[in-house]
Chemist: 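Attaching a single structure in structure tokens format; questions to follow.
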Amino acid sequence: MYIKFFVYFCGMERQKIYEIALTLVPGIGDVNGKKLVAYCGGAEAVFCESRKSLMQIPGIGEQTVNSIVSQRTLLRAEREAVFIDKNDVKPLFYLDADYPKRLQHCHDSPMMLYYKGSADLNAPRSVGIVGTRNITDYGKGVIDKIVGELSSDNVLVVSGLAYGVDTMAHKSALKYNLATVGVLGHGLQIIYPADNYKLAHNMLARGGILTEFLNDTKPDRENFPKRNRIVAGMVDCLIVVESALKGGAMITAEIANSYDREVFAIPGRMGDIYSEGCNNLIKTNRADLMLSADDLRYIMRWDHDAKVTPRQMRLFRDFSEDEKKVIDVFGSDTTVHLDQIIVATELTPTKIASVLLSLEFDGIVTALPGKRYQICDVVK
């Protein structure tokens, strides 16, 4: 079969070809694509399933089924695999261990990401910085100050590699030796804007560039809101530095709020067009006011993390069966999302809330922003 020859040629796993092909099925979308994988047991299994069985899956229409059965998308996936292999790109399916775990918990997260770089996309702490393309000297100074203050926290800085605030965020991260990832609204065959080509190249050594789009995708306008959801989903919190009342940064902030991420906004002077968005976020309680990195550390409880002293009672506590199920979810991770606990334990949300509250009272777990929980080291 041709696909076996191709896999040998490019060195890519057969499964990856099917995973890429699944994302290319017309009209399937990320939500229905994941539903198909869950019903069939994997991307390859989707393409091996019978038409009759596919038609019985809720939400999957006849046109989608016809596209899957025809297997035409496999040819395009093969061409993408050649580009991936030639350019040292890492394809990340949403079930892969290296896929950004924070983003994985978002219902509309991309099924597939294409990543080139060296940064850990699952760094312990991740901060997004967004804002206007028309950055002012004030905005530049704020970003340099905040990123410099965050250098001791060893955060991953995520932004969109656009002009203005994004560019300054990436440059400041490199200046202070922090990992930084740029999320693109196009394929990896180009860098847009072209003026940031050198910056993107420099980011590869201590960061990277990431996209959900195939290599021949142009930077079309409709791609950037999709890019914004990746920025919002990949981070623990989002900082809006300068923004008008409407624009990409405000869209990203809105998405971050919907993902239960903490949003911070830098206040600006009344009457400044690129302060209106930030001031409005604060006024409407959609963002915390931020004047320094200490404000972020306080809200995110990062300053608290370093000072926690384990209670001796934890060592002698007997755990119920339900408590053991919850603790087992953490595995080798220090922090997990509530959705992970719900899926892994199969307990009711009410029961999980009760168990987590009990564990929190005894100092075994700590509630963090964004529906996340952190387990004490002594338990692990």
Chemist: Rounded at 0.5 Å granularity, tell me how far CG in L281 sits from CG in L289.
Modeler: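 Answer rounded to 0.5 Å: 11.0 Å.
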Chemist: Would you check if there is a donor-acceptor pair between the side chains of R286 and N280 at a distance under 3.5 Å?
Modeler: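 Yes, R286 and N280 have a side-chain donor paired with an acceptor closer than 3.5 Å.
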Chemist: Verify side-chain contact (heavy atoms from CB on, under 4.5 Å) between F264 and C237, making sure each step is shown before the conclusion.
Modeler: CA-CA 8 Å; F264 297 88; C237 58; 3.7 Å; yes
Chemist: Heavy atoms only: give me the nearest I57-C40 pair and the separation to one decimal.
Modeler: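 Shortest heavy-atom separation between I57 and C40 comes out as CD1-SG, 4.1 Å.
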Chemist: Under 4.5 Å between side-chain heavy atoms, hopping through other hydrophobics if needed: is there a path connecting L161 to V130?
Modeler: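 In one cluster: yes.
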Chemist: Has K16 got its NZ or CZ under 6.0 Å from the middle of the six-membered ring of F93, at an angle within 45 degrees of the ring axis?
Modeler: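 Checked: cation-pi criterion not met.
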Chemist: For the residue pair K34 and Y94, establish whether any side-chain heavy-atom pair is separated by less than 4.5 Å.
Modeler: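 They are in contact (side-chain heavy atoms under 4.5 Å apart), so the answer is yes.
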Chemist: Give a yes or no answer on whether the side chain of S159 reaches the backbone of I129 with a donor-acceptor pair at less than 3.5 Å.
Modeler: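 Confirmed, S159 side chain pairs with I129 backbone.
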Chemist: Is the number of heavy atoms from other residues, nucleotides or ligands under 6.0 Å of K145 NZ greater than 12?
Modeler: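 Yes.
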Chemist: With ring centroids as reference points, do F47 and Y18 lie under 6.0 angstrom apart?
Modeler: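 They qualify: ring centres under 6.0 Å apart.
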Chemist: According to a 4.5 Å side-chain heavy-atom criterion applied to Ile, Leu, Val, Met, Phe, Trp and Tyr, with indirect links allowed, do Y274 and M250 form part of one hydrophobic cluster?
Modeler: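 Y274 does not cluster with M250.
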Chemist: If we ignore hydrogens and angles and just use 3.5 Å, is the side chain of D295 paired with the main-chain N or O of L291 as donor and acceptor?
Modeler: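 Yes; at least one donor-acceptor contact below 3.5 Å.
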Chemist: Looking only at side chains, do D144 and Y176 share a donor and an acceptor under 3.5 Å apart?
Modeler: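 Judged by distance alone, the side chains do pair up.
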Chemist: If we ignore hydrogens and angles and just use 3.5 Å, is the side chain of T132 paired with the main-chain N or O of I135 as donor and acceptor?
Modeler: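 Side chain of T132 to backbone of I135, a donor-acceptor pair under 3.5 Å: no, none is there.
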Chemist: To the nearest 0.5 angstrom, please state how far the CE atom of M203 sits from the CG atom of L210.
Modeler: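 These two atoms lie 10.0 Å from each other.
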Chemist: With a 4.5 Å limit on heavy-atom distance, are the side chains of I143 and Y138 in contact?
Modeler: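 Heavy-atom side-chain distance check fails, nothing below 4.5 Å.
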Chemist: Going hydrophobic residue to hydrophobic residue with side-chain gaps under 4.5 angstrom, can you get from L92 over to V231?
Modeler: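 Yes; V231 is reachable from L92 via cluster members.
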Chemist: Quick check: do Y115 and V89 have side-chain heavy atoms less than 4.5 Å from each other?
Modeler: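 No, side chains not in contact.
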Chemist: Do you know which two heavy atoms are closest between T23 and I28, and how far apart they sit?
Modeler: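 Nearest heavy atoms, T23 then I28: O-CG2, 4.5 Å.
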Chemist: With a 4.5 Å heavy-atom cut-off, do L113 and T211 have their side chains touching?
Modeler: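 The answer is no, as the side chains (C-beta and beyond) never meet within the 4.5 Å cut-off.
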Chemist: Using side-chain heavy atoms (C-beta onward) and a distance below 4.5 Å, is L214 in contact with E80?
Modeler: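 In short, these two side chains touch, coming nearer than 4.5 Å.
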Chemist: Provide the closest heavy-atom pair for M168 versus K140 in the form atom of the first, atom of the second, distance.
Modeler: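 For M168 and K140, the tightest heavy-atom pair comes out as CE-O, 3.5 Å.
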Chemist: Is any side-chain heavy atom of N196 less than 4.5 Å from a side-chain heavy atom of T167?
Modeler: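 They are in side-chain contact.
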Chemist: Hey, is the main chain of P267 close enough, under 3.5 Å, to the side chain of N279 for a donor-acceptor pair?
Modeler: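 Answer holds: no.
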Chemist: Check the hydrophobic clustering (I, L, V, M, F, W, Y; side-chain heavy atoms under 4.5 Å; chains of links allowed) and say if I282 and L245 are grouped together.
Modeler: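 Looking at the clustering, L245 is in a separate group from I282.
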Chemist: Run the salt-bridge test on D236 and R372 with the 4.0 Å N-O cut-off and return the result as yes or no.
Modeler: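 Yes, D236 and R372 are salt-bridged.
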Chemist: Is it true that the side chains of Y99 and N122 contain a donor and an acceptor less than 3.5 Å apart?
Modeler: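 No, N122 and Y99 have no side-chain donor paired with an acceptor closer than 3.5 Å.
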Chemist: Counting only N and O atoms by type, is there a donor-acceptor contact under 3.5 Å from the side chain of S172 to the main-chain atoms of V147?
Modeler: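 Side chain of S172 to backbone of V147, a donor-acceptor pair under 3.5 Å: no, none is there.
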Chemist: Should T136 and E242 be marked as a side-chain hydrogen bond (donor to acceptor under 3.5 Å, both in side chains) after you check the CA-CA gap, both sets of side-chain angles, and the distance that decides it?
Modeler: CA-CA 8 Å; T136 66; E242 288 185 312; 2.5 Å; yes
Chemist: Would you mind checking if R76 and D216 are paired as a salt bridge, meaning a charged N to carboxylate O distance below 4.0 Å?
Modeler: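 Here D216 pairs with R76 in a salt bridge, since their nearest N and O are under 4.0 Å apart.
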Chemist: Does P225 offer a backbone N or O that forms a donor-acceptor pair with the side chain of R227 under 3.5 Å?
Modeler: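 Checked: no pair found.
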Chemist: Closest heavy-atom contact between A21 and A77?
Modeler: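 Between these two residues, the closest heavy atoms are N-CB, 3.7 Å.
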Chemist: Mind running side-chain contact (heavy atoms from CB on, under 4.5 Å) on L359 and V326 for me, showing each step along the way?
Modeler: CA-CA 10 Å; L359 293 174; V326 170; 4.1 Å; yes
Chemist: Do the charged groups of R269 and D272 touch, with an N to O distance under 4.0 Å?
Modeler: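 Yes, R269 and D272 are salt-bridged.
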Chemist: Please tell me if the side chains of T345 and D322 come closer than 4.5 Å, counting only heavy atoms from C-beta onward.
Modeler: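 No, every pair of side-chain atoms sits at 4.5 Å or beyond.
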Chemist: Keeping the roles fixed (side chain from T217, backbone from F213), state whether a donor-acceptor pair exists under 3.5 Å.
Modeler: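 Side chain of T217 to backbone of F213, a donor-acceptor pair under 3.5 Å: no, none is there.
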Chemist: Please work out whether the ring planes of Y192 and H186 are parallel, tilted or perpendicular, with thresholds of 30° and 60°.
Modeler: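 Answer is perpendicular, since the angle exceeds 60°.
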Chemist: Can a donor-acceptor pair be found, under 3.5 Å and without considering hydrogens, that links the side chain of R229 to the backbone of T252?
Modeler: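 No, because the side chain of R229 does not come within donor-acceptor range (under 3.5 Å) of the backbone of T252.
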Chemist: Look only at the side chain of K116 and the backbone of N87, and say whether a donor-acceptor pair between them is shorter than 3.5 Å.
Modeler: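 Between the backbone of N87 and the side chain of K116 there is a qualifying donor-acceptor contact (under 3.5 Å).
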Chemist: Quick check against the 3.5 Å criterion: does R206 have a side-chain atom that pairs as donor or acceptor with the backbone of N177?
Modeler: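 Answer holds: yes.
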Chemist: Rounded to the nearest 0.5 Å, what separates atom OH in Y39 from atom CD in E49?
Modeler: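 Those atoms lie 12.0 Å apart.
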Chemist: Using side-chain contact (heavy atoms from CB on, under 4.5 Å), reason through I68 and V46 one step at a time and then give a plain yes or no.
Modeler: CA-CA 8 Å; I68 293 170; V46 171; 4.0 Å; yes
Chemist: So, T64 and S67: side-chain donor and acceptor under 3.5 Å apart, yes or no?
Modeler: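 S67 and T64 do not have a side-chain donor-acceptor pair below 3.5 Å.
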Chemist: If you compare all heavy atoms of D96 against all heavy atoms of P91, which two are closest, and at what distance to 0.1 Å?
Modeler: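 In terms of heavy atoms, the two residues are closest at OD2-O, 3.9 Å.
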Chemist: Around atom CD of E62, are there more than 12 heavy atoms of other residues, nucleotides or ligands at under 6.0 Å?
Modeler: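 Result for CD/E62: open.
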Chemist: Looking at OG1 of T73 and CD of Q71, how far apart are the two atoms once the value is rounded to the nearest 0.5 Å?
Modeler: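 Nearest 0.5 Å value for the OG1-CD distance: 8.0 Å.
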Chemist: Whether the Q104 and S109 side chains hold a donor-acceptor pair (N or O, under 3.5 Å, no angle test) is what I'd like checked.
Modeler: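 No pair is found: no donor N or O on one side chain lies under 3.5 Å from an acceptor on the other.
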Chemist: For atom CG of D88, is the number of surrounding heavy atoms from other residues, nucleotides or ligands below 6.0 Å larger than 12?
Modeler: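 Check fails, neighbour count at 12 or below.
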Chemist: Report the C-alpha distance between I209 and L188 in whole Å, list the side-chain angles of each, state the deciding distance to 0.1 Å, and finish with yes or no for side-chain contact (heavy atoms from CB on, under 4.5 Å).
Modeler: CA-CA 8 Å; I209 50 179; L188 292 175; 3.8 Å; yes
Chemist: List the steps, then state whether side-chain hydrogen bond (donor to acceptor under 3.5 Å, both in side chains) holds for Y163 with D195.
Modeler: CA-CA 9 Å; Y163 283 125; D195 290 348; 3.0 Å; yes
Chemist: Salt bridge (Lys or Arg N to Asp or Glu O under 4.0 Å) between K325 and E321: does it pass, once the steps are laid out?
Modeler: CA-CA 6 Å; K325 288 181 181 179; E321 287 302 312; over 6 Å; no
Chemist: Calculate, to the nearest 0.5 Å, the distance between atoms OG and CD belonging to S358 and E360 respectively.
Modeler: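 Between atom OG of S358 and atom CD of E360 there are 10.5 Å.
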Chemist: I need the I364 CD1 to Q374 CD distance, nearest 0.5 Å.
Modeler: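 Result: 14.0 Å between the selected atoms.
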Chemist: Are the side chains of N154 and R125 in touch, meaning some heavy atoms are under 4.5 Å apart?
Modeler: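 Not in contact.
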Chemist: Is it true that E212 and K226 have a side-chain N and a carboxylate O under 4.0 angstrom from each other?
Modeler: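 Answer for the salt bridge query: no.
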Chemist: For S275 versus G268, what's the shortest heavy-atom pair and its separation?
Modeler: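 What the structure gives for the nearest pair is OG-CA, 3.3 Å.
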Chemist: M300 and L178: same hydrophobic cluster, using ILVMFWY side-chain contacts below 4.5 Å?
Modeler: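 Yes; tracing contacts between hydrophobic side chains, which count when under 4.5 Å, links both residues.
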